[in-house]
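The structure appears right after this line, and notes come after that.
Numbered from 1 within each chain, the chains take letters A, B, ... in sequence-line order. These numbers come from the heavy atoms of this one structure, side chains and all, not from hydrogens, waters or symmetry mates.
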Amino acid sequence: MISKTIRIRFAPSPTGYLHVGGLRTALYNYLFARQNKGVFILRIEDTDRTRYVEGAVENLINTLRWAGLDFDEGPKKGGSFGPYIQSERLDIYRKYAEQLVNDGKAYYCFCTSERLEKMRDDLEGTGAFAKYDKTCLKLSQSDIEKNLAVRSTYVIRMKVPENRIIKFHDLIREEVEIASDLIDDQVLIKSDGYPTYHLANVVDDHLMKVTHVIRGEEWLPSVPKHILLYEYFGWEIPKLAHLPLLLNADRSKLSKRQGDVAVEDYKAKGYLKEGLVNFVAFLGWNPGDEREIFSLDELVKEFSLERVGKAGAIFNIEKLNWINLQHIHQKTNEDLIPILKEILSNSKYKGLNLSDEYLANVIGAMRVRINYVSGILEKSSYFFEQPQSYDENVLKKHWRQETPNQLSKLIKEYSLLQNPTKEDYETALKKTAEQLGIGAGKLIHPTRLAVSGMGEGPGLYDILFTLGKEEVIKRIETAINKIKF
RNA sequence: GGCGCUAUCGUCUAAGGGUUAGGACACCGCCCUCUCAAGGCGGGAAUACGGGUUCGAAUCCCGUUAGCGCUACCA
């Protein structure tokens with residue numbers, strides 16, 4: 001038997017940015033598609049006009065591309081099942097909704113939202129499930145025609161049968177069953193003519209020949225509605241897989257407020273796409289052994305839906321930091337230059353015209369001391385500007401009465417050097433210390449403070465070499481003048 | 001409130017009837033060291049609770065509890 005091509009879709013609504021939870025959903029879809037030599041589709045679910053955000057689709061596409069999740073069919077890219085933006089498919093949904101009405105599986109509803117709201121309010125506290133009371137289901141054909149003729153606004157609702165237990169199989173949750181009595185006569189077409197998620201989703205998944213639906217757990221309770229629709233249309237139901245949710249530290253659904261939630265925020269901070277992708281892949285999945293660092297290609301090979309867990313996972317930034325560092329380790333200094341440049345150009349240092357060589361040296365000095373590239377600006381601004389102040393504690397500990405004179409001696413020694421290497425700085429410093437009859441540390445710490453303003457960072461000679469002789473001497477002189485005992 | 005889903009160290013997780021319940025992050029200690037990191041070595045830390053089934057349960061079943069999700073003309 002010939003198995004049919006696996007077709008997978010990622011179907012976000014364009015809210016303005018890609019949520020990290022969305023990134024994980026997209027990633028799992030992508031991994032599953034690639035692993036099975038299937039087709040990965042991007043579909044934009046923009047059926048809520050009140051939430052329209054300018055430029056959101058472009059942003060989504062760019063972010064997915066940044067993460068390395070290329071899709072085979074979708075907006076801009078095209079494909080045989082387009083358009084891939086739902087707001088451009090309104091005629092299709094209307095046609096199928098009307099077909100349902102004709103088949104007696106759905107009906108027009110003219111109730112005002114005020115009436116529905118009042119109905120829900122009245123039911124509140126009674127313990128009853130506040131579902132639509134099916135008033136418009138009782139309308140006669142002539143009533144309906146009369147209403148339609150005067151162009152009353154209306155919606156189309158699906159009929160949901162009573163007393164049915166709807167069972168389905170989920171690739172992650174196994175068997176799930178929900179009583180149809182608890183399901184509302186869901187609106188399919190809204191009064192503005194747009195479809196709701198449920199209709200659009202089912203129609204598109206069928207028309208686009210989607211074989212597997214991999215999405216967030218928040219959709220689990222509405223699966224019965226979808227199953228009913230598939231039945232009404234006589235369509236085959238795709239395989240379902242509902243992913244566990246991503247959570248805040250307090251176990252609520254991951255949201256803004258509690259930290260960055262947009263993929264672009266992480267990109268802007270200088271997290272590597274490899275790091276973010278690797279981290280997010282492990283929120284709910286693991287390979288079953290003790291390996292933790294994976295490239296996207298390796299994930300494609302190893303991923304399996306069977307190993308996806310059921311419980312929600314907290315988005316733990318500490319672990320992300322560590323995983324990202326592991327990926328930084330795998331990069332050369334040169335690899336990271338474009339990222340640093342990008343960050344610099346969005347910072348107060350944007351006017352600086354630093355050479356690639358300089359940047360590479362800075363990266364080389366800082367790469368094991370950061371978790372993301374912008375950490376370089378946070379932890380070593382002295383590579384981009386003179387120290388603005390000198391750390392009080394370091395001052396107290398290492399700056400003595402005699403320090404200025406000792407540093408003056410060091411400056412003299414350094415000024416004699418020609419194109420000094422790191423070793424030259426070290427040799428000269430040690431020689432000076434010896435002549436002064438003091439330990440090298442007596443010179444090292446004050447010099448570090450003079451040159452960086454702080455007491456921690458890369459090896460001193462790395463800093464000096466990167467900064468260059470002129471700058472080093474200038475900064476030490478400045479420190480001698482500015483720091484009064 | 002109703003319905004659904006979920007439950008192993010603080011966090012991400014492994015073990016799917018027999019293990020001293022394993023790893024990683026974080027934390028602590030030691031080593032390395034001009035500082036801070038990185039790295040190496042070591043340490044503390046978990047089966048939510050109660051009942052079953054079984055010779056034996058983290059694992060299977062039931063209940064409780066808790067958390068989350070859904071309960072829109074939002075997705």
- Message: What's A:His242 touching, base or sugar-phosphate or nothing? Going by heavy atoms closer than 4.0 Å.
- Response: nothing
- Query: Nearest to the side chain of A:Ser113, which nucleotide is it out of B:rC25, B:rC73, B:rG69?
  - Reply: B:rC73
- Mind calculating the distance between CG (A:Leu246) and P (B:rG69) to the nearest angstrom? 13 Å
- Task: Name the nucleic acid region contacted by A:Thr47, choosing base, sugar-phosphate or nothing; use a 4.0 angstrom heavy-atom cut-off, strictly under.
- Result: sugar-phosphate
- Select base, sugar-phosphate, or nothing to describe what A:Arg173 touches, counting heavy atoms under 4.0 Å on all strands. sugar-phosphate
- Taking atom P of B:rC25 as reference, at what distance in whole Å does atom CG of A:Asn278 sit? 13 Å
- Message: What contact category does A:Ala311 fall into here, base, sugar-phosphate, or nothing, at under 4.0 angstrom with non-hydrogen atoms?
- Response: sugar-phosphate
- Message: Measuring only the P atom in each nucleotide, how far is B:rU6 from B:rG50? A whole number of Å is fine.
- Response: 22 Å
- Pair assignment for B:rG1, Watson-Crick or G-U wobble, requiring both distances under 3.5 Å: B:rU71
- Query: Only one of A:Glu218, A:Arg215, A:Arg173, A:Lys310 clears side chain to side chain donor-acceptor pair (under 3.5 Å) with A:His242; which?
  - Reply: A:Arg215
- Message: Of the listed nucleotides (B:rC73, B:rC5, B:rA14), which one gets closest to any side-chain atom of A:Asn286?
- Response: B:rA14
- Message: When you measure only distances, ignoring hydrogens and angles, does the side chain of A:Arg51 come within 3.5 Å of the base of B:rC74 through a donor and an acceptor?
- Response: yes
- Item | Closest to side chain of A:Glu318, choosing from B:rC25, B:rA38, B:rG4 | B:rC25
- Between B:rG44 and B:rG29 - P atom distance, rounded Å: 15 Å
- Query: If you check every side-chain atom of A:Leu283, which of B:rC70, B:rC12, B:rU35 has the closest atom?
  - Reply: B:rC12
- Does the cation-pi check pass for A:Arg24 over A:Tyr28, that is, NZ or CZ under 6.0 Å from the six-membered ring centre and within 45° of its axis? yes
- Item | Atom-pair distance (CZ on A:Arg291; C1' on B:rC12), nearest Å | 17 Å
- Under a 3.5 Å cut-off for both distances, is B:rU53 Watson-Crick or wobble paired, and to whom? none
- Query: Rounded to the nearest 0.5 Å, how far does NZ of A:Lys134 lie from CG of A:Asp185?
  - Reply: 3.5 Å
- Measure from the side chain of A:Asn316, starting at C-beta and using heavy atoms only, and say which of B:rG69, B:rC25, B:rC73 lies closest. B:rC25
- Task: Mark yes or no for a side-chain to base donor-acceptor pair under 3.5 Å between A:Arg251 and B:rC68, with no hydrogen or angle criteria applied.
- Result: no
- For A:Leu320 and for A:Gly309, find the nucleotide of RNA chain B with the closest heavy atom, then tell me which residue's nucleotide is more 5'. A:Gly309
- Task: Please lay out, stage by stage, how A:Glu426 and A:Lys422 fare under the test salt bridge (charged side-chain N to carboxylate O under 4.0 Å, His left out).
- Result: CA-CA 6 Å; A:Glu426 179 168 6; A:Lys422 286 174 198 174; over 6 Å; no
- Query: Between B:rG42 and B:rC32, how far is it from one C1' atom to the other, in whole Å?
  - Reply: 15 Å
- Task: Indicate, with a heavy-atom threshold strictly under 4.0 Å, whether A:Glu177 touches base, sugar-phosphate, or nothing.
- Result: sugar-phosphate
- Message: Between B:rG63 and B:rA72, how far apart are the two P atoms, rounded to whole Å?
- Response: 27 Å
- Query: Say you pick atom P in B:rC60 and the same atom in B:rG23; how far apart are they, in whole Å?
  - Reply: 23 Å
- Query: Taking the same atom, P, in B:rU11 and in B:rA26, what whole-Å distance lies between them?
  - Reply: 16 Å
- Note on the structure: Of A:Phe315 and A:His329, the one whose nearest nucleotide on RNA chain B sits closer to the 5' end is A:Phe315
- Looking at B:rU6, B:rC34, B:rG69, which one has an atom nearest to any side-chain atom of A:Lys310? B:rU6
- Message: Let's see if you can work this out: which of B:rU11, B:rC74, B:rG4 has an atom nearest to the side-chain heavy atoms of A:Lys190?
- Response: B:rC74
- Query: Which whole number of Å gives the distance between the C1' atom of B:rA7 and that of B:rA38?
  - Reply: 37 Å
- Message: Which nucleotide, if any, forms a Watson-Crick or G-U wobble pair with B:rU20, using both distances under 3.5 Å?
- Response: none
- Query: What is the distance from atom CG of A:Leu42 to atom CD1 of A:Ile85, rounded to the nearest 0.5 Å?
  - Reply: 8.5 Å
- Distance-only donor-acceptor test, A:Lys319 side-chain atoms vs B:rA26 base atoms, 3.5 Å: no
- Atom-pair distance (CD1 on A:Ile189; P on B:rC73), nearest Å: 14 Å
- Query: Cationic tip of A:Lys269 within the cone over A:Tyr372's six-membered ring, i.e. under 6.0 Å and within 45° of the normal?
  - Reply: yes
- Message: Once you apply a heavy-atom cut-off of 4.0 Å, does A:Arg307 come out as touching a base, just sugar-phosphate, or nothing?
- Response: sugar-phosphate
- Query: What nucleotide among B:rA75, B:rG69, B:rC34 has an atom nearest to a side-chain atom of A:Tyr197?
  - Reply: B:rA75
- Item | Sugar-phosphate only, base, or nothing, as touched by A:Gly441 at under 4.0 Å among non-hydrogen atoms | nothing
- Note on the structure: Nearest heavy-atom contact between A:Asn324 and A:Leu276 is OD1-N, 4.4 Å
- Query: Starting at CD of A:Glu290 and ending at P of B:rC12, how long is that distance when rounded to a whole Å?
  - Reply: 18 Å
- Pairing nucleotide - B:rC27, Watson-Crick or G-U, each distance under 3.5 Å: B:rG43
- For A:Leu220 and B:rC68, give me the distance from atom CG to atom C1', rounded to whole Å. 12 Å
- Pairing nucleotide - B:rU6, Watson-Crick or G-U, each distance under 3.5 Å: B:rA66
- Item | Protein-nucleotide distance (A:Asn324, atom CG; B:rA26, atom P), rounded to Å | 13 Å
- Message: Whole angstroms only, please: what is the OH-P distance between A:Tyr382 and B:rU35?
- Response: 15 Å
- How far, in whole Å, is B:rA24 from B:rU33 if one measures between their P atoms? 25 Å
- Note on the structure: Of A:Tyr266, A:Trp285, A:Phe315, A:Phe294, the one forming a ring-ring contact (aromatic ring centres under 6.0 Å, His included) with A:Phe279 is A:Phe315
